[in-house]
Asker: 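Handing you a structure now.
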Amino acid sequence: MGGTPLPDGIKLIDENGKRLDGRRPDELRPLKIEAGALKRANGSAYLEWGNNKVMAAVYGPRECHPRHMQDPTKALVQCHYNMASFSVDDRKRPGPDRRSQEISKITSEALTHVVFTEYFPKTSIDVYIEVLQANAGTRCAGLTAASVALADAGIPMRDLVASCAAGKIDDTVVLDLGKEEDNFGQADIPVGYIPRDDEIVLLQMDGDLTADQFKTGLNMAIEACKKIYDVQRDALKRKYTLPAGKTDEGGGVN
Ligand code: CDP
């Protein structure tokens with residue numbers, strides 16, 4: 001991010017308005033979600049979004065430890081975002097870092113808005129997000145998968161959170177940045193959205209945009225979140241309507 005020029009004058013958008021992977025500016029990468037991919041977790045979801053592969057698992061509500069963290073009035077939603085060492089080209093140093101702490105925090109906050117935490121005082125709802133393969137947009141992919149995993153765990157929620165980023169590359173506002181677009185682009189705006197309440201629960205911005213570009217990007221991300229929301233609901237419907245013994249093949253957009 002930050003407008004670094006591409007090597008050899010390669011453009012992120014060609015003369016036909018197509019991006020490096022052939023997408024139009026307002027086109028999402030292919031997205032697939034499978035609800036209930038893990039047997040031992042209370043709820044789970046596996047997601048493939050372009051070249052991102054993410055697993056989300058939910059445990060709880062369960063007694064919150066250490067006890068001094070307990071809230072006598074509500075549950076804590078605690079997200080643990082982790083990128084596997086093998087998820088990126090250069091091996092990532094294992095363990096938590098500032099970036100994973102930041103993503104865990106914003107994801108916890110976004111999900112706290114939708115979970116009826118007051119139903120489960122003194123407990124913790126633990127959400128583990130494991131990025132197995134990363135290709136930009138993993139915080140949005142993690143939040144999208146975690147919402148489905150929470151619903152799969154049967155945790156009462158106002159709605160699902162759908163998440164997607166918009167951004168700016170070659171002075172053009174585009175949807176759902178890929179890795180090169182994230183690295184060499186000018187801006188990135190991850191958005192978390194609740195369609196039913198038309199409410200934004202996550203909004204970040206990296207890079208520079210004019211007020212108009214920001215509005216265009218935000219609207220683009222919100223429209224995309226509505227499509228992602230349908231894929232999330234579909235994943236849950238498929239799991240809970242399939243006859244016993246049948247496995248989920250994974251649905252999606254594109
Ligand atoms: O993944 P997201 O776009 O939400 O977060 P980011 O901090 O903007 O990271 C963008 C991308 O950079 C990630 O999705 C990874 O593909 C890559 N990355 C990496 O290669 N090594 C890291 N230690 C962190 C990120």
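Counting starts at 1 for both ligands and their atoms, following the listed order. Sequential numbering from 1 along the given sequence is applied to the chain's residues.
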Asker: Between S147 (side chain only) and L143 (backbone N and O only), is there a donor and an acceptor less than 3.5 Å apart?
Answerer: yes
Asker: Going by side chain to side chain donor-acceptor pair (under 3.5 Å), name the pairs with one or both residues in residues 108-123, residues two or more places apart or in two chains.
Answerer: K105-E109
Asker: Does any N or O atom in N52 lie less than 3.5 angstrom from one in ligand 1, N or O only?
Answerer: no
Asker: Say whether R93 and ligand 1 are in contact under the criterion: heavy-atom distance to a ligand atom below 4.0 Å.
Answerer: no
Asker: Considering only protein heavy atoms, which is closest to atom 19 (C) of ligand 1, and at what distance to one decimal place?
Answerer: V88 CG1, 3.5 Å
Asker: Going by the order shown, which atoms of ligand 1 are within less than 4.0 Å of some heavy atom of D182?
Answerer: 3 (O), 8 (O), 10 (C)
Asker: Check ligand 1 against A134 and write out every atom of the ligand that is under 4.0 Å from a heavy-atom position of the residue.
Answerer: 15 (C), 16 (O)
Asker: Side chain or backbone, does R99 bring an N or O within less than 3.5 Å of an N or O on ligand 1?
Answerer: yes
Asker: Identify which of P190, A165, A136 has a heavy atom lying nearest to atom 11 (C) of ligand 1.
Answerer: A136
Asker: Would you say C140 has any N or O atom under 3.5 Å from an N or O of ligand 1, going by distance alone?
Answerer: no
Asker: Please give me the minimum heavy-atom distance between A146 and V58, naming the atom from each residue.
Answerer: O-CG2, 4.5 Å
Asker: Out of M83, E102, Q133, indicate the one that has the non-hydrogen atom closest to atom 21 (N) of ligand 1.
Answerer: M83
Asker: Could you tell me the residue and atom name of the protein heavy atom closest to atom 12 (O) of ligand 1, and the distance to it rounded to 0.1 Å?
Answerer: K179 CE, 4.1 Å
Asker: Check whether any side-chain N or O of S100 sits under 3.5 Å from a backbone N or O of D97 as a donor-acceptor pair, and report yes or no.
Answerer: yes
Asker: Is the count of non-hydrogen atoms from other residues, nucleotides or ligands lying under 6.0 Å from D208 atom CG greater than 12?
Answerer: no
Asker: Which is it for T138 and ligand 1 at heavy atoms under 4.0 Å: side chain, backbone, both or neither?
Answerer: both
Asker: Between S85 and K92, is there a donor-acceptor pair closer than 3.5 Å when you use the side chain of the first and the backbone of the second?
Answerer: yes
Asker: Give me the atom names and distance for the closest heavy-atom approach of M157 to F116.
Answerer: C-CE1, 3.5 Å
Asker: Between R158 and D197 (salt bridge meaning N to carboxylate O under 4.0 Å), is one present in this structure?
Answerer: no
Asker: Looking only at protein heavy atoms, identify the closest one to atom 3 (O) of ligand 1 and say how far it is in Å.
Answerer: G137 N, 2.8 Å
Asker: Identify the two heavy atoms, one from N42 and one from Y59, that lie closest to each other, and give their separation to 0.1 Å.
Answerer: OD1-CA, 3.3 Å
Asker: When only distance counts, is R139 in polar contact with ligand 1, meaning an N/O pair under 3.5 Å?
Answerer: yes
